[in-house]
Amino acid sequence: MSKITAAITAVGAYVPEDVLTNKMLEKMVETNDEWIFSRTGIKERRILKDPEKGTSFMAIKAAEDLIRKSKINPEEIDLVLLASITPDLPVAATAVYVATQIGAINAFAYDIQAACSGFLYGMSTAAAYIESGRYKKVLVIGADKMSSIIDYTDRTTCIIFGDGAGAALFEPNFEGLGLQDEILRSDGIGRESLKIEAGGSLMPPSEITVAKRLHYVQQDGKTIYKFAVSKMADVSEEIMKKNDLTNNDIDWLIAHQANKRIVGATASRINVEDEKVLMNIERYGNTTSATLPLLLSDYEKLLKKGDTIIFATFGGGFTWGSIYFKWAYNS
Ligand code: UT7
């Protein structure tokens, strides 16, 4: 029997309707459209405004989009992985609620917390389960309601992030398509540079932590930028070398949408032309766990069976990595 590889066989996505433009942010903090666009490549982002809806709302919508398009029976799904840093609740995994709501009643489910690399790590986990032959349908969702943890009086963070969700179904493939190789990394020094200080076991929430706004994301943008530019490019270059790939072999670079300049640095290190670099940061900003599946959904029609893709991410933690992948279908 030929080797089992783990292919993506369907994708789905959801972004909320409400748009937060750079012009609108100009009225909220001291910033301007020109600064934001030139430094990040972002023009606008989507915001889930309804205070009664959490990350699960978007994750369910993205999964339902996938189920409708692929016509799979959700009862056949074995495992639901939800990558997110904004779970509905601190306790009770959001993935479990999502699985039940979408009718995946025979699945087990759990959350993955790896910030902007959450979906990439989820791809690795899904592929390992599929390649081992243990499971046949693994749904990986990346979803974040970043607006719930962003301080809209802090111009260094509020201009970057947006809300959204995307999903991908992993199934066995017998033609050698799907995940080919991966390099995943992490480094705990990163938690000083990007964190929510309060609300966990180290500093439980209190009136003081709320008054000090410690329940919001704080980041040292410059340090993250420096690490992201070198580490994301390093692993992308390394995985290509390891697999004897040249830039001519690459059809698409699908990189975490943190900042257009960070993605550009990775593209130029591996010599991939602009036309091969999938981007949507201009419309959504940084949606953390959702950037990769949102790109897959937006550009699904462009991806052709057999196309060679390099996925790359860098995020809080620090967490980063690269995956060499072969696309498995024409839509
Ligand atoms: O997925 C991981 C999540 N985080 C990231 O990816 C963040 C990575 N970092 C970045 O993308 C960039 O560092 C930022 C976009 C956050 C900032 O860009 P930068 O080119 O590194 O700007 P900077 O921090 O060096 O700030 C330059 C100037 C400063 O003023 P002075 O000190 O030169 O007078 C800032 O105070 O720009 C000022 N500034 C702003 N001005 C207008 C900072 N934020 C803003 C703003 N609007 N929103």
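Counting starts at 1 for both ligands and their atoms, following the listed order.
Protein heavy atom at the shortest distance from atom 46 (C) of ligand 1 is T31 OG1, 3.3 Å. In this structure, the protein non-hydrogen atom closest to atom 24 (O) of ligand 1 is K222 CG, 4.2 Å.
For atom 19 (P) of ligand 1, a protein heavy-atom neighbour is present inside the 4.0 Å cut-off. Distance check for atom 34 (O) of ligand 1: every protein heavy atom is found at 4.0 Å or beyond. Protein non-hydrogen atoms do not reach within 4.0 Å of atom 14 (C) of ligand 1. Within the 4.0 Å cut-off (strictly below), no protein heavy atom is located near atom 31 (P) of ligand 1. Of the protein's heavy atoms, at least one falls inside 4.0 Å of atom 27 (C) of ligand 1.
With a 4.0 Å cut-off on non-hydrogen atoms, I160 touches ligand 1 through its side chain and not its backbone. Contacts of N286 with ligand 1, taken as heavy-atom pairs under 4.0 Å, involve the side chain alone.
Comparing heavy-atom distances from atom 8 (C) of ligand 1 across G221, S38, A258 singles out G221 as nearest. Considering only non-hydrogen atoms, atom 7 (C) of ligand 1 lies nearest to Q219 out of E30, Q219, E34, R39.
For ligand 1, one of its N or O atoms has an N or O atom of N259 under 3.5 Å away.
Between the side chain of K304 and the backbone N or O of K301 there is at least one donor-acceptor pair closer than 3.5 Å.
Within 6.0 Å of CD1 in I208 there are 12 or fewer heavy atoms belonging to other residues, nucleotides or ligands. Around OH of Y135, the count of heavy atoms belonging to other residues, nucleotides or ligands within 6.0 Å exceeds 12.
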>> Applying side chain to side chain contact (heavy atoms under 4.5 Å, CB included) to I159 and L25, what does each step give before you reach the verdict?
In response: CA-CA 7 Å; I159 55 137; L25 281 165; 4.1 Å; yes
> Would D144 and S84 satisfy side chain to side chain donor-acceptor pair (under 3.5 Å), going step by step from the backbone distance to the final call?
Replying inline: CA-CA 6 Å; D144 268 305; S84 185; 3.0 Å; yes
>> Walk me through whether L169 and E171 qualify under side chain to side chain contact (heavy atoms under 4.5 Å, CB included).
In response: CA-CA 7 Å; L169 183 70; E171 292 189 89; 3.6 Å; yes
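Every atom of ligand 1 is numbered from 1 in the order shown, and the set under 4.0 Å from a heavy atom of R261 is 18 (O), 20 (O). Applying the 4.0 Å criterion to heavy atoms of T40 picks out, from ligand 1, the atoms 15 (C). Under a 4.0 Å criterion applied to the non-hydrogen atoms of H256, ligand 1 contributes the atoms 1 (O).
Ring centroid separation for the pair Y14 and F57 comes in under the 6.0 Å cut-off.
Seen from the ring of F174, K3 does not count as a face-on cation partner, given the 6.0 Å and 45° thresholds.
Of the N and O atoms on the side chains of Y225 and Q219, not one donor lies less than 3.5 Å from an acceptor on the other residue. A donor-acceptor contact closer than 3.5 angstrom links the side chains of T308 and K326.
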